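If you scroll down you'll find the structure; I have some questions about it.
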Amino acid sequence: MSAYSIRTEVKHPSASSAVDWENLTFGRTFSDHMFVVDFDGNQWVDPRIVPYGPMSFDPAISAIHYGQSIFEGLKAFKGNDGKVRVFRPEMNARRLNHSAKRMCMAELPESLFLEGLLKLLALDAAWVHPEDGYSLYIRPFMFATETYLGIKPSDTYRFVIMTSPVKAYYQGAIRVKVERHYTRAASGGTGSAKAAGNYAASLYPAKLAQEQGFRQLIWTDAANHEYLEESGTMNLFFMRNGLLHTPTTESDTILAGVTRDSILTLANSWGVPIETRRIKVTELQEGLRDGSITELFGAGTAATIAQIESIRIDEEDFTPPPVEERAFSNKVAETLTGIKKGVLEDPFGWVHLVQG
Ligand code: COI
């Protein structure tokens, strides 16, 4: 049952047959359509699906000047049965509103998020590649559209969902470095929101790390750089003495990842003991030194399960056991893929089937 009247302008012909699936780079190819809806200061108006393409704006819109801009990331998959499935979209709809609240933006009805998304996916189903390793990355985002240079929350917003066919964000295991100087998020700040500015702030330290050969940073707390936080593109996990560890998201400095939540749910159901709490960098260091850490990985929508092959902590490099020996994270990766592709049972009701 449709609660909204979403007008649709179909693009002809579809550009999907021209995609070079072999040489797909993350986030550079976009599918035919996007979902767009505007907040006019009172309500969300004119929900529509239109051909993907440029939008024009007044140069004074406040998103550009003062950064009221938030986003989400989720994925759709095509199984061998040809059906399109989207993974836990209601979590993203909820988190978008968490971000909107923190950034003083309009909240979007979750039902409108879901209805726009499912209709968009039904129309662009040809962009979900069925082969293993592929998915359709979905990027919902909202930004302030009021034309005004004074500093105040915008009265008006635009919400858009665009999609992009992808392979994994990281190809193979990655090298990371624990960051002890720069900060991603401070307590009281916007770290738990998926705010565009959080990503802008991380670019410079990430660039310095990349120049040293690291793919990503592991952030530490802003106060003393003593506790592990997250990696910006993913949450951090390690297995120590059979206990699955991940930093708590109870503080307001870490993004509550959907993949993170899915891993914790699976671990619980398998009887794997879990430690979610503030975790000191020294615990990671000691565990890598004495061999009690058997697995180390990041988890995120784009990153999926990103195995960490080496980590630098205070000028010392550590190499956890080889990826093939990491039983838990390999099982998690396989299980999540199986559920998303409709090959394995979905005991938690995570997957939404897209009706063609
Ligand atoms: C995601 O996993 O969806 C992210 O937002 C990470 C990234 C590509 C910025």
Side-chain angles (χ1 to χ4, degrees), residues 24-31 34 67 69-77 86-100 102-103 113 117 120-121 128 133-143 159-172 174 176 179 184-185 190-207 209-210 214-219 229-237 246-247 249 253-264 297-308 329 332-333 336-337 340 350:
L24 214 50
T25 26
F26 186 95
R28 293 228 182 254
T29 305
F30 302 103
S31 49
M34 57 187 176
S69 175
I70 55 177
F71 70 98
E72 276 300 319
L74 65 161
K75 279 179 176 170
F77 300 82
V86 56
F87 189 68
R88 306 192 75 181
E90 64 294 326
M91 293 274 285
N92 299 89
R94 216 175 301 144
R95 192 174 62 185
L96 179 87
N97 283 337
H98 167 79
S99 302
R102 178 63 184 83
M103 301 303 289
F113 180 111
L117 173 64
L120 179 67
L121 292 177
V128 196
Y134 289 89
S135 60
L136 187 69
Y137 182 72
I138 301 161
R139 171 55 60 88
F141 59 104
M142 191 201 295
F143 56 97
F159 173 73
V160 181
I161 305 177
M162 57 194 259
T163 70
S164 170
V166 297
K167 294 195 213 175
Y169 192 71
Y170 299 116
Q171 304 289 338
I174 56 173
V176 301
E179 177 60 55
R184 173 184 172 274
T190 60
S192 75
K194 213 162 168 57
N198 292 344
Y199 294 79
S202 71
L203 292 175
Y204 180 66
K207 176 173 168 271
Q210 277 154 16
F214 301 102
R215 193 71 174 79
Q216 261 302 331
L217 290 173
I218 307 296
W219 299 103
E229 299 241 303
E230 61 152 288
S231 146
T233 50
M234 49 193 194
N235 292 112
L236 181 71
F237 283 84
T246 190
T249 51
T253 56
I254 298 178
L255 191 81
V258 176
T259 309
R260 176 185 181 280
D261 182 80
S262 309
I263 293 170
L264 293 177
F297 59 98
T301 295
T304 63
I305 305 296
Q307 296 289 356
I308 296 175
S329 43
V332 162
L336 285 176
T337 304
K340 290 166 177 174
W350 283 341

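Quantities reported herein were computed from a predicted structural model and do not represent experimental measurements. Order of listing sets the numbers, starting from 1, for every ligand and every atom in it. What's counted below: heavy atoms across the whole structure, side chains too, no hydrogens, waters or symmetry copies.
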Task: For Y199, the ligand 1 atoms whose distance to one of its heavy atoms is below 4.0 Å - done: 9 (C)
Open item on the list: Between M162 and F141, is there a side-chain heavy-atom distance shorter than 4.5 Å?
Closed with: yes
Task: Side chains of P165 and L24 in contact at under 4.5 Å (non-hydrogen atoms) - done: yes
Open item on the list: Just so I know, are the side chains of S192 and R102 near enough to count as touching, which here means a heavy-atom distance under 4.5 Å?
Closed with: no
- [ ] Give the ring-plane orientation class for F297 versus F237, where under 30° counts as parallel, over 60° as perpendicular and anything between as tilted.
- [x] parallel
Task: Subset of ligand 1 atoms that lie under 4.0 Å from at least one heavy atom of F71 - done: 5 (O)
Task: Residue and atom name of the nearest protein heavy atom (relative to atom 8 (C) of ligand 1), distance in Å to one decimal - done: A302 CB, 3.8 Å
Open item on the list: Measuring from non-hydrogen atoms of M234 to any atom of ligand 1, is the shortest distance under 4.0 Å?
Closed with: no
Open item on the list: Can you name the atoms of ligand 1, numbered from 1 with element, that are less than 4.0 Å from a heavy atom of T301?
Closed with: 2 (O), 3 (O)
Open item on the list: Would you say the ring centers of F77 and F87 fall short of 6.0 Å from each other?
Closed with: no
Open item on the list: Please list the nearest protein heavy atom to atom 5 (O) of ligand 1 with its residue and the distance rounded to 0.1 Å.
Closed with: K194 NZ, 2.6 Å
TODO: Could you list the atoms of ligand 1 found under 4.0 angstrom from a heavy atom of Y137?
DONE: 1 (C), 3 (O), 4 (C), 5 (O)
Contacts table for residues 69-76: side-chain donor-acceptor under 3.5 angstrom, sequence neighbours left out:
from: E72; atom 1: OE1; to: N92; atom 2: ND2; distance (Å): 2.8
from: E72; atom 1: OE1; to: R95; atom 2: NE; distance (Å): 3.2
from: E72; atom 1: OE1; to: R95; atom 2: NH2; distance (Å): 2.7
from: E72; atom 1: OE2; to: R95; atom 2: NE; distance (Å): 3.0
from: K75; atom 1: NZ; to: T301; atom 2: O; distance (Å): 2.9
from: K75; atom 1: NZ; to: A302; atom 2: O; distance (Å): 3.3

